[in-house]
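Inspection log for the structure reproduced underneath, given as structure tokens.
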Amino acid sequence: MAILETKKLVKTFDGFRALDELDLSVPKGAVYGLVGPNGAGKTTLIRHLAGILRPDSGEVLLDGSPVYENTEAKRRMAVIPDDVFYYTQASTADMMKFYKGVWSNFDVDRYEKLREAFTLDDKKPVRTLSKGMQKQAAFWLALSLRPEVLILDEPVDGLDPVMRRQVWSLVLADVAENGTTVLVSSHNLRELEDVCDHVGIMNRGKNLLERSLSELQDNVAKILIALPEGTELPKDLEMLHESATGRLRTLILRGRPEQLTDRLQILEPLFMDAVPLSLEEIFIYELGGADYAVKNILL
Amino acid sequence: MPSRTFCFNGLFRKDLARFWPIWAAYTILWFLLLPLTIISTLHVPFYTPDRIQEIVHTMMEVPAVLMAFFFAVLVAMAVFSYLYQGRSTNFFHALPVRRERQFLAHCASGLFLMLSANVVIFLLSLVVEAAGGCVDIVSLLQWLAVVSMCCVSFFGFAAFCAMLTGHILALPCIYVILQLAFVVAEALVQYILRFFTFGMSALGVRLLFLSPCPMLFRRLRWHGFYDPDTGELISQTFQGWGAACIYCAVGVVFLALALVLYRHRRMEASSDVIAIRVLKPVFRWCLAVAGALCVAALLCMILFESAGQMSGSLPGVLGIVFLLIGGFIGWIVADILLKKSFRVFRDHWKGFGIFAVIVIVLSLLCQHGAFGYEKRVPVPDDVTAVYLSADGDYATGVKLTEPENIAAAVALHESILSNESIHEANRSGETRNLVITYLDEEDNPILSRIYPLSASADQCRDRSSDVRLTERLLNSREALRSRCDSTIEVTPDSILNATLYYTYINESDEVIYYDGPFGETVTASTRPSDGSLTEQEAYELYTECILPDMEDGNMGRVWVIQDADYARSTINMELDIELMADAEDASNEPYEFEYLHFQIPASATRTVRWLEDHGYAPETLWDASEGNMDMYPLY
């Protein structure tokens, strides 16, 4: 069941259609990775989900209720944007007091417990901290809200590897213990692969595909094959990509790996192996079909 | 469910914590203006409590308006600063707080910053007065009321302006421009039309009510009336409560409008000069109009006023060109601001084309009198009075009410219009400006015009020319009487002061040279100097000489053409009498004043004889100038 949805969401900025009847469905308790090239509309989508922007048409729903100007819906959410705002000269403790004044469900005990996880001096003005530490402060405050939905835009950008692991473990612990739903937008597909169980791929304001990670990986196969001379591949194969090194060909095909290998077995290949694709490869080859060609640059 | 006031308080308190320096600056400035001034006055020897009252009430005038005007926009910039950066806009609108509540919280904090400071100053002043033993709580409460109303008025408008823009620096610009736009535009339009519309008069600023700041400057007035002998404050009055209340209410309306705009505001508009999409073309057109008026007024002033008037159709064509140049500049500047780029020359030409066509059509219509402005003359029956005034002489202005004089004024008006070509052709030559204003029963102007009447040699010779007709009408029996009569009864007690002075002294009489106090060379005439008359002397001169001379038609005359006739008919002395009496309606002012001015003709024999008998040496201007025909030509 979806906790966060958009239905035919449209947003235009000065004639440019940033979101083009976008449909999104984030299941409750999922860790949803939102991926897409630059300018796909991810940040614009996140701002709609956070209730900042008013859509031109379409709906943004949290548990079936519109989010825009809905204080109850917003109270259940926490948003960490890529560029976090703090009051000038405010420390993390000052921001905590402000959050406490706005969110009545702010958990001060949790804030104190998280002090051990985040190695920050919460009395120091946040603006004097490094970018990574500012991000840590943002996580510290957001997690203290105990939100039902956590929306993250490029969340681990600026964090060192140790802190990244720390942050993700805290987030996933909330997911596991409290059923928190997480939507995370990132370019770091390797990292998303480790944490996400659902993925949505955006391009040009549309959601191209939206699946669970396992379904996605089941739908595209990478097959290494060496065929006897004169043997042609079946023409009805949905080929996303093909490359060759000598007689060894690398095929990226749409379909279930087992079915594809069964079909190709008929050709009596000299060698054949199906290997799993990474999220990065799925992203590249899916978008390749959407006119976002990956250019081979020769230097 | 969490309390709604919970969130309100969080935002409200945060604003106060962040922007307390503005509160401090405002409070300190008011402290210097009011309590500190009271303290220093209390230490002045022989001060009176009246002086303290005067200080408090003076602070209700310009200082109240100026302080509210400047600090209102400063406070609005502070409390709404989060709207002008993407980061802060996103943060605040992701909070679980509805827009109305956000707006109300920030407005409340802004108003609190100013109004609480006013209360603090009120209390401090009260303490200071109590310490000095001269408590006047009524005056202080009046000050608090006026200042607070000004704060509400200007803050409401500033909040409204804050919603129009997405750029923090644009906010004060829009605020100041909108405060003055109507008044300035009206003045510029009237100024430009003067060059192209025959008879265009400065009608005064009719749209001043749309500019709260200058309007309040004019309306908030304290009058104190002091006994001339003891210097004691007899009575006082403060005017402007109505204006203050009205503008305060208007400020509240603007706050409501600002809330409506905020609820519909697109948050992606932060950093845009104009945040509301539908207002972008309006902004473009307004800037084009402003550019057209400013550039055209400047170029008209340089070309037509400094270089002299041009005749023919050339001024009209140039005027249109100036308007188009200015309009183009304004259009481009608007596009640059809206697009935040200098690459705007390729866009919106269609829009500017429409603007140019409108400018050309309107200008041509004005120049050719299509709106009927130039040819309009009122029907005499609709006119209760006519006010006439001409250049060339001091105090020619007169109000005529007799039907035959009104009819003569209308006939003169029609004659001027039929002789328009003569007057226009002589614009760069010798002219006399005639102001003619028709009034209705309530003394409201029906129609007002200024005509540059040709005063060329031919026109001056022709006794039936418009300039000579004007002079005759200004010297009608009714006009002479009105110049000599006084609404205040002239008695020795009502005469405040009277001065006789020479208007022309021959240069050859200035033979005394001496060093002045600063080392300069000073000259003095050997002739008898100007003199102040005693009340009795002035009364005697007025009742026994001036009034009988006036009955004979020999006093109160004015001259539009200063020719040889004028010089031979007028002596080189003038008389000023200032009168004062108790006001009939003492609720506003206890006294009323009137000034009488007399230019003395040579034919006022009684008056001339009195002057000679009292040691003055009057002579005609012609004799004094030794027949200087360059100064007084013979027609």
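Chain letters run A, B, ... following the sequence lines, proteins first and then strands; every chain starts at 1. If you're wondering where the values come from, they're calculated on a predicted model, not measured in any experiment.
Side chain to side chain, A:Thr180 and A:Asp174 fail the donor-acceptor criterion of an N or O pair below 3.5 Å.
Applying the ring-ring contact (aromatic ring centres under 6.0 Å, His included) test between B:Phe71 and each of B:Phe155, B:Trp30, B:Tyr26 identifies B:Tyr26 as the sole match. Only one option out of A:Met202, A:Lys8, A:Arg204 pairs with A:Leu19 in a side-chain contact (heavy atoms from CB on, under 4.5 Å); it is A:Met202.
The side-chain heavy atoms of B:Asp15 and B:Phe112, taken from C-beta on, include no pair separated by under 4.5 Å. Within the 4.5 Å cutoff, the side chain of B:Ile332 has heavy atoms near those of the B:Ile336 side chain.
Among all heavy-atom pairs drawn from B:Met114 and B:Ala68, the shortest one is CE-O, 4.0 Å. Nearest heavy-atom pair, A:Trp103 versus A:Lys74, reported as atom, atom and distance to 0.1 Å: NE1-O, 3.9 Å. Between A:Lys206 and A:Leu22, the shortest heavy-atom distance links the atoms C-CD1, 4.0 Å. In this structure, A:Asp153 and A:Ser185 approach most closely via the heavy-atom pair OD1-OG, 3.4 Å. Scanning all heavy atoms of the two residues, the minimum distance from B:Ala78 to B:Phe19 falls at O-CZ, 3.0 Å. B:Ala117 approaches B:Trp23 most closely through the heavy-atom pair N-NE1, 3.5 Å.
The environment of B:Phe70 atom CZ is sparse: at most 12 non-hydrogen atoms of other residues, nucleotides or ligands sit within 6.0 angstrom. For A:Gln89, the CD atom sits in a loose shell: 12 or fewer heavy atoms of surrounding residues, nucleotides or ligands are nearer than 6.0 Å. Environment of NZ in A:Lys7: sparse, with no more than 12 heavy atoms of neighbouring residues, nucleotides or ligands closer than 6.0 Å.
Interface remark: of the candidates B:Glu100, B:His93, B:Arg99, B:Arg277, B:Arg99 forms the most heavy-atom pairs closer than 4.5 Å to chain A.
With a 4.5 angstrom heavy-atom cutoff, B:Tyr82 does not touch chain A via any of its atoms. Within the 4.5 angstrom heavy-atom criterion, no atom of A:Tyr86 approaches chain B. For A:Val84, the part sitting under 4.5 Å from any heavy atom of chain B is the backbone (N, CA, C, O) and nothing else.
Below 30°, between 30° and 60°, or above 60°: for A:Tyr111 and A:Phe106 the angle between ring planes is between 30° and 60°, a tilted geometry.
Below 4.5 Å, heavy atoms of chain A meet no heavy atom from residues 169-178 of chain B. Identified by a heavy-atom distance below 4.5 Å to chain B, the contributing residues of residues 122-145 of chain A are A:Arg127, in residue-number order. For residues 254-273 of chain B, the interface with chain A (any heavy-atom pair closer than 4.5 Å) comprises B:Arg263, B:His264, B:Arg265, B:Arg266, B:Met267, B:Glu268, sorted by residue number. For residues 41-50 of chain A, the interface with chain B (any heavy-atom pair closer than 4.5 Å) comprises A:Arg47, A:Ala50, sorted by residue number.
For B:Phe157 and B:Phe154, the distance between ring centers is not under 6.0 angstrom.
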